[in-house]
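Below you'll find the structure, written out as structure tokens, and then a few comments.
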Number of protein chains: 2
Amino acid sequence: MYDSNKNKVDIFAVAKRANVSISTVSRSFNHPELVNPATRKKIERAVRKLGYIRNRAAQTMHGIRSGTIGLVVPTIDHAIFAEVVQAFSDSVDAHGFTIMIASHGYDLEREYAVLRKFLEHRVDPLPLIGEDHSQETYELIERQNIPAVTMWNYSETSRLSCIGADNKMAGVLAAQHLVGLGHRDIGLLFPPTKDNDRARDRRSGVQKILLNAGININPDLDVESTYSIADAKSAALHLLRSPHRPSGILCGNDVLAMGVLYAARSCNLDIPQDLSVVGIGDFKGSSEVEPGLTTVRLPAREIGRLAGNHLSQSITGDLTNEQRVGCDIALIERGTCKPHFGVS
Amino acid sequence: MYDSNKNKVDIFAVAKRANVSISTVSRSFNHPELVNPATRKKIERAVRKLGYIRNRAAQTMHGIRSGTIGLVVPTIDHAIFAEVVQAFSDSVDAHGFTIMIASHGYDLEREYAVLRKFLEHRVDPLPLIGEDHSQETYELIERQNIPAVTMWNYSETSRLSCIGADNKMAGVLAAQHLVGLGHRDIGLLFPPTKDNDRARDRRSGVQKILLNAGININPDLDVESTYSIADAKSAALHLLRSPHRPSGILCGNDVLAMGVLYAARSCNLDIPQDLSVVGIGDFKGSSEVEPGLTTVRLPAREIGRLAGNHLSQSITGDLTNEQRVGCDIALIERGTCKPHFGVS
DNA sequence: AATAGTAATGCAAATGTTTTCATAAAACCT
DNA sequence: AGGTTTTATGAAAACATTTGCATTACTATT
């Protein structure tokens with residue numbers, strides 16, 4: 001309507017309408033303090049009238065930050081990463097960044113492909129989930145020399161900066177709790193640990209504790225499930241119908257624990273009377289379910305927020321070298337566990 | 001390492017190494033059929049050696065598609081949109097697009113701001129959630145003449161293309177079910193309907209049915225809750241402790257229904273014996289919870305997939321005009337409702 | 001053998017910005 | 001009033017590509 005003739009609304013159109021040069025228009029966007037307030041007003045008016053929108057692509061070409069962040073997560077499909085992603089997003093939004101997101105479905109080849117795609121778009125930093133990445137991925141990141149953080153995991157020897165929790169310790173805490181309550185017939189419900197260091201670490205934590213306590217894991221009571229409530233429920237059903245039903249179940253995360261809760265309910269088993277359950281994660285809903293899920297709290301929102309800040313700063317240059325932040329974790333006792341004094 | 005001297009790996013570096021002109025390099029990326037296979041090999045090799053990564057920003061500047069899609073959702077934080085987003089993402093990934101995502105927390109002003117940011121990045125299309133958007137937002141989209149779809153809602157009179165379900169009908173189905181079972185003391189648990197046409201439409205659907213059935217809603221039994229399990233649970237608790245406890249509760253969506261289930265459990269009310277509950281959405285987990293949630297199924301994955309395909313095609317030009325797709329919905333009877341023959 | 005057509009490539013202009021440098025005008029200081 | 005600094009602006013180069021046009025070298029066709 002307004003831009004009737006040649007509806008190409010670029011910086012030239014604005015300059016023309018405001019009777020200034022394009023340099024001035026550009027400056028009025030990027031260094032407003034350098035341009036006369038009156039001129040700025042004129043430009044502002046022209047921008048409004050024409051509906052001009054800056055072209056970040058053209059900016060990016062100058063080696064200027066693209067203002068985008070390439071976030072790659074295993075999945076967006078459920079609770080697990082929802083909170084971190086939301087917190088991360090809020091945190092970087094506040095700094096004016098735009099998030100590109102993609103999921104790889106726990107396939108590290110796809111992760112690499114996604115990363116390349118992101119790099120074509122010249123994302124400023126690259127946040128990842130966890131420590132398990134292909135060799136190619138690590139090399140790509142190092143070669144491009146692009147700021148990267150891994151979220152969700154913490155390790156002193158990580159190859160990249162990391163902000164997260166010690167997953168092995170999470171496993172330890174969960175197992176200690178159950179063992180401390182006297183349970184010895186313990187079932188394990190974990191996700192596949194391939195390409196998933198978080199799950200692997202947690203598992204190794206619980207194994208350590210069980211070993212120390214002289215409890216060995218009955219292979220029949222050691223089952224695997226993907227991160228889906230449906231899957232977890234049917235895997236749990238298998239556990240609960242085992243001839244030697246465990247008195248307690250340790251779950252790789254809260255989604256799986258939820259599956260156990262539902263499975264128990266459908267078998268008319270009372271929790272915690274007939275079965276104790278502990279999860280890891282403390283997702284949304286874990287405290288509301290009845291009885292409230294006893295779990296190890298991983299501070300998802302905090303991790304997301306910290307990672308967001310860290311990256312924003314490492315881009316704007318206030319921060320440069322790598323960094324490892326370990327967030328506190330703790331066992332939250334709610335209603336799914338009770339002491340066990342069975343024969344054994 | 002490889003690019004030792006002037007570590008600026010651009011198209012020139014590749015051209016030099018492969019002993020061809022930059023035009024040829026560019027062509028070999030974008031129109032491979034125009035370049036001699038042998039040359040292509042040489043270029044390919046140079047690219048590998050140098051670790052060259054194309055710069056999409058430079059491409060975008062030519063008015064070529066940016067290859068990005070700006071997805072703006074109310075929230076990424078829970079189940080509600082997780083499935084649509086994942087399905088949408090998978091669908092457009094397959095076409096080589098990259099998703100930019102942002103959430104606005106049900107604030108239409110923020111939505112507008114996010115949209116502008118996306119447009120600065122020259123996103124190709126703009127998928128939104130629902131029909132409620134500010135006037136400014138609609139004008140921006142129309143003026144920029146950018147393909148947009150709204151997901152999750154369906155209406156014959158929508159201003160933009162839409163792919164989704166008829167939310168009013170969803171409300172109707174939910175209410176009809178409960179009324180059909182003989183319930184007359186019905187509680188309502190809905191989210192705030194401001195800036196949320198989905199919720200508003202559903203509500204209007206149930207109101208219509210209740211009105212038809214001569215049931216009027218006791219204001220005490222008409223409560224509001226944000227989309228959070230915690231909130232929903234405490235709101236539901238309020239309902240269940242009301243002096244005139246309803247025999248059935250209609251929920252604006254499954255997250256809220258979940259809250260009701262948990263609340264009932266914590267009050268030692270049996271579902272469906274003491275209370276019937278129906279949700280809307282059929283999210284992940286709704287079928288696994290015990291008893292399984294009776295709800296109106298909205299095909300989230302299908303909506304996401306269709307919207308993704310629609311946009312991918314409208315970008316690549318195979319498809320141009322707007323379009324309205326209504327997805328089938330249906331009441332799924334599971335275990336949270338039972339007939340009611342109370343005095344009334 | 002001459003001509004037309006095609007395949008493969010290079011040159012240079014174009015894309016929409018930012019920024020360095022230069023210049024002009026205004027303000028400040030004796 | 002003359003010189004100096006400051007403020008405001010513009011011209012043009014730079015950014016990393018794509019692409020239209022021109023050129024060259026082949027391959028068919030008569």
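Each chain gets a letter, A, B and so on, in the order the sequences are listed, and its residues count up from 1.
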Rounded to the nearest angstrom, tell me the gap between atom [atom1] in [X] and atom [atom2] in [N].
X	N	atom1	atom2	answer
A/Glu120	D/dA16	CD	P	16 Å
B/Asn55	D/dT17	CG	P	5 Å
A/Asn36	C/dA25	CG	C1'	12 Å
B/Ile11	C/dC11	CD1	P	14 Å
B/Phe29	D/dT17	CZ	P	9 Å
A/Lys16	C/dG16	NZ	P	15 Å
A/Lys42	D/dT9	NZ	C1'	11 Å
A/Phe12	D/dA12	CZ	P	12 Å

Kindly say if [X] contacts the phosphate of [N], meaning a side-chain N or O under 4.0 Å from OP1 or OP2.
X	N	result
B/Thr24	C/dG10	yes
A/Asn30	C/dT18	yes
A/Thr39	D/dT9	yes
B/His31	D/dT18	no
B/Gln59	D/dT18	yes

| request: Check the surroundings of atom CD in B/Glu156: do more than 12 heavy atoms from other residues, nucleotides or ligands lie under 6.0 Å from it? | output: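 Not more than 12 within 6.0 Å, no.
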| field | Flag if over 12 foreign heavy atoms under 6.0 Å of CD, A/Glu109 | value |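 No.
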| task | State, to the nearest 10°, the angle formed by the axis through the first five base pairs of the helix from C/dA1-D/dT30 to C/dT30-D/dA1 and the axis through its last five. | result |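 What I find for the helix from C/dA1-D/dT30 to C/dT30-D/dA1 is an axis angle of 30°.
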Classify the side chain of [X] and the base of [N] as holding, or not holding, a donor-acceptor pair under 3.5 Å.
X	N	value
A/Arg27	D/dG10	yes
B/Ser21	C/dC11	no
B/Ser26	D/dA16	no

Can you tell which of [options] lies closest to the side chain of [X]?
X	options	answer
B/Tyr52	D/dT17, C/dT9, D/dT19	D/dT17
B/Ile64	D/dA8, C/dG16, D/dT19	D/dT19
B/Asp10	C/dT19, D/dA16, C/dT9	D/dA16

Side-chain ion pair, [X] and [Y], N-O less than 4.0 Å:
X	Y	result
A/Glu142	A/Arg159	yes
B/Glu44	B/Arg48	yes
B/Lys194	B/Asp107	no
A/Asp93	B/Lys117	yes
B/Arg54	B/Asp10	no

| said: Closest-nucleotide mapping onto DNA chain C: is B/Ile22 or A/Arg54 further toward the 5' terminus? I mean the 5' end. | reply: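 On the 5' side of the pair lies B/Ile22.
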| task | By nearest nucleotide on DNA chain C, pick out whichever of A/Met61 and B/Leu34 is the more 5' one. | result |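 Its nearest nucleotide being more 5', the pick is B/Leu34.
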| query | Under 30°, 30 to 60°, or over 60°: which ring-plane class applies to B/Phe97 and B/His95, parallel, tilted or perpendicular? | reply |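 It falls in the tilted class, 30° to 60°.
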